[in-house]
Amino acid sequence: MNEPIPVTRSVDHGTAKLMPDVDRERAWLLTVDGAPQSYVDLDAPTHLEFEYARRLGHVLDTVKEPERPLDVLHLGGGALTLPRYLAATRPGSRQDVVEADGGLLDLVIEHLPLPADSGITLHAADARAWLEAAPPDSADILIADVFGGSRIPAHLTTVAYARAAGRVLRADGIYLANLADAAPFAFLSSQLATFAAVFQELALIAEPGVLRGRRFGNAVLIAAHHPLDTALLARRTAADAFPARVEHGASLRDFMGGAEPVHDENAVPSPEPPDGAFTIG
């Protein structure tokens, strides 16, 4: 059997590379312009390698009854890690994936094909434009994992964007986002203020070292119009191989401080990660 070899291709928004994992037979790492985007094991779609993906997985496992099919909208596609995860853990789910880079989608589907019965539909489109045109009350879960290179685009950080997300979600829906920042957390606190202007309940999951300002890293934002079972989520994230903390309520308000919501006229992308923040070993 031939050993898998790396694949490099120019896509719409940079240079994408698929690199095989020497330790797992059909597992691949996707990078774009050197920044890690996704990790997929085609033989084990429930394996989540990246820490932030594991935290998103914990939320997806606990927010609704186990194995209940869901209607899910993914903003940002990458190698389709979470859509594959949900197709395996919640069979029968209907999932739409919106990825601005059509060339990247083509690369992923060519080399990492989806199962025929996955229930996953792919769309090459801008995330916010798609969201603003999507039917109201059409999604149980909305997952935003959109990075232009290593930064979240400015137009996906504003109150208008958060309102569009709230319109698409059902009353018992959940918004999830993969964010990245470092102390003094100007971007992360502004995102909390932005979503607090639209959603009644917020929570944040992150590694304690990130929350203490020791390093740049990812944080998962959860937003909803109904109470969240943060106790169950905290137990799951604390027991993970990469333990994390769940912030909510008063502690989250303290973290937010005096941050103001972001509007389209003053939006900026998320901060550029420092050199070495997301290196490939």
Side-chain angles (χ1 to χ4, degrees), residues 26-28 30 37-50 52-100 102 104-106 108-109 112-125 127-128 130-146 156 164-178 199 201 203 205 220-226 228-229 232-233 236-237 240:
R26 293 213 305 153
W28 296 82
L30 169 69
Q37 300 288 325
S38 302
Y39 180 101
V40 166
D41 187 332
L42 296 178
D43 292 329
T46 61
H47 174 76
L48 301 176
E49 182 79 6
F50 290 176
Y52 87 85
R54 294 170 70 89
R55 288 160 195 160
L56 286 166
H58 291 316
V59 181
L60 295 171
D61 289 346
T62 57
V63 293
K64 304 289 183 183
E65 300 88 341
E67 299 187 10
R68 170 186 156 189
L70 300 173
D71 293 332
V72 184
L73 175 59
H74 302 261
L75 303 180
L80 311 174
T81 304
L82 287 169
R84 298 174 201 266
Y85 179 84
L86 279 167
T89 59
R90 295 179 178 273
S93 293
R94 294 183 301 178
Q95 302 188 72
D96 286 290
V97 179
V98 181
E99 167 60 58
L104 181 61
L105 283 180
D106 291 341
V108 168
I109 291 303
L112 311 177
L114 290 167
D117 59 350
S118 67
I120 300 168
T121 305
L122 307 179
H123 312 272
R128 180 158 163 184
W130 179 275
L131 191 63
E132 290 174 341
D137 303 318
S138 56
D140 298 306
I141 307 285
L142 198 166
I143 304 172
D145 188 12
V146 185
L156 304 181
R167 183 186 65 84
V168 168
L169 283 168
R170 295 176 178 136
D172 62 347
I174 301 281
Y175 176 88
L176 302 173
N178 175 31
F199 290 89
E201 300 284 339
I205 311 172
V220 170
L221 169 66
I222 313 170
H225 286 305
H226 54 85
L228 301 164
D229 189 347
L232 174 59
L233 191 55
R236 289 285 296 268
T237 57
D240 192 90

Peer 1: Roughly how far, to the nearest 0.5 Å, is CD1 of Ile174 from CG of Asp140?
Peer 2: 10.0 Å

Peer 1: Enumerate the side chain to side chain donor-acceptor pair (under 3.5 Å) contacts for residues 113-125, please, sequence neighbours excluded, ordered by first and then second residue.
Peer 2: Asp96-His123

Peer 1: Would you say the side chain of Thr237 lies within less than 4.5 Å of the side chain of Arg54, judging by non-hydrogen atoms?
Peer 2: no

Peer 1: Quick one: does any side-chain atom of Arg128 pair with a main-chain N or O of Leu156 as donor and acceptor, under 3.5 Å?
Peer 2: no

Peer 1: Checking Arg236 now: which residues fulfil salt bridge (Lys or Arg N to Asp or Glu O under 4.0 Å) with it, not counting sequence neighbours?
Peer 2: Asp61

Peer 1: For the side chain of Gln95 and the backbone of Pro83, is there at least one donor-acceptor N/O pair under 3.5 Å apart?
Peer 2: yes

Peer 1: CG/Leu233 to CG/Leu228 distance, rounded to the nearest 0.5 angstrom?
Peer 2: 8.5 Å

Peer 1: Ignoring hydrogens and geometry, is there a side-chain-to-backbone donor-acceptor pair from Glu99 to Gly77 under 3.5 Å?
Peer 2: yes

Peer 1: Does Arg167 reach the main-chain N or O of Glu132 with its side chain, forming a donor-acceptor pair under 3.5 Å?
Peer 2: yes

Peer 1: Would you check if the side chain of Arg90 reaches a backbone N or O of Leu70 as a donor-acceptor pair within less than 3.5 Å?
Peer 2: no

Peer 1: Taking the side chain as C-beta and beyond, is there a heavy-atom pair between Leu60 and Thr89 under 4.5 Å?
Peer 2: no

Peer 1: Return the minimal non-hydrogen interatomic distance between Pro69 and Ser93, and the atom names on each side.
Peer 2: CA-OG, 3.4 Å

Peer 1: Just checking His47 against Tyr39, ring centres under 6.0 Å apart?
Peer 2: yes

Peer 1: Could you tell me if the side chain of Leu169 sits less than 4.5 Å from the side chain of Ile141, heavy atoms only?
Peer 2: no

Peer 1: How many angstroms lie between CG in Leu80 and CG in Leu105, if you round to the nearest 0.5 Å?
Peer 2: 6.5 Å

Peer 1: Given side chain to side chain donor-acceptor pair (under 3.5 Å), test Asp240 with His58 step by step and report yes or no.
Peer 2: CA-CA 9 Å; Asp240 192 90; His58 291 316; 2.8 Å; yes

Peer 1: Hey, is Asp137 close enough to Arg170 for a salt bridge, meaning N to O under 4.0 Å?
Peer 2: no

Peer 1: To the nearest 0.5 angstrom, please state how far the CZ atom of Phe50 sits from the CG atom of Asn178.
Peer 2: 10.0 Å

Peer 1: So His225 and Phe199, would you call those rings parallel, tilted or perpendicular, with 30° and 60° as cut-offs?
Peer 2: parallel

Peer 1: Determine whether Asp145 and Leu176 make a side-chain contact, defined as any pair of heavy atoms from C-beta on separated by less than 4.5 Å.
Peer 2: no

Peer 1: Go through Val40 and Arg84 one step at a time and tell me if the side chain to side chain contact (heavy atoms under 4.5 Å, CB included) criterion holds.
Peer 2: CA-CA 9 Å; Val40 166; Arg84 298 174 201 266; 3.8 Å; yes

Peer 1: Tell me, do Thr62 and Asp229 make a side-chain contact under 4.5 Å, heavy atoms counted?
Peer 2: no

Peer 1: Could you measure the distance from the CD1 atom of Ile143 to the CG atom of Leu73? Nearest 0.5 Å is fine.
Peer 2: 9.0 Å

Peer 1: Measure from the side-chain N and O atoms of Arg55 to the backbone N and O of Ile205, and report whether any donor-acceptor pair falls under 3.5 Å.
Peer 2: no

Peer 1: Could you state the interatomic distance from OG1 (Thr81) to CH2 (Trp28), rounded to the nearest 0.5 Å?
Peer 2: 14.0 Å

Peer 1: For Ser38 and Ala79, indicate whether the former's side chain and the latter's backbone hold a donor-acceptor pair under 3.5 Å.
Peer 2: yes

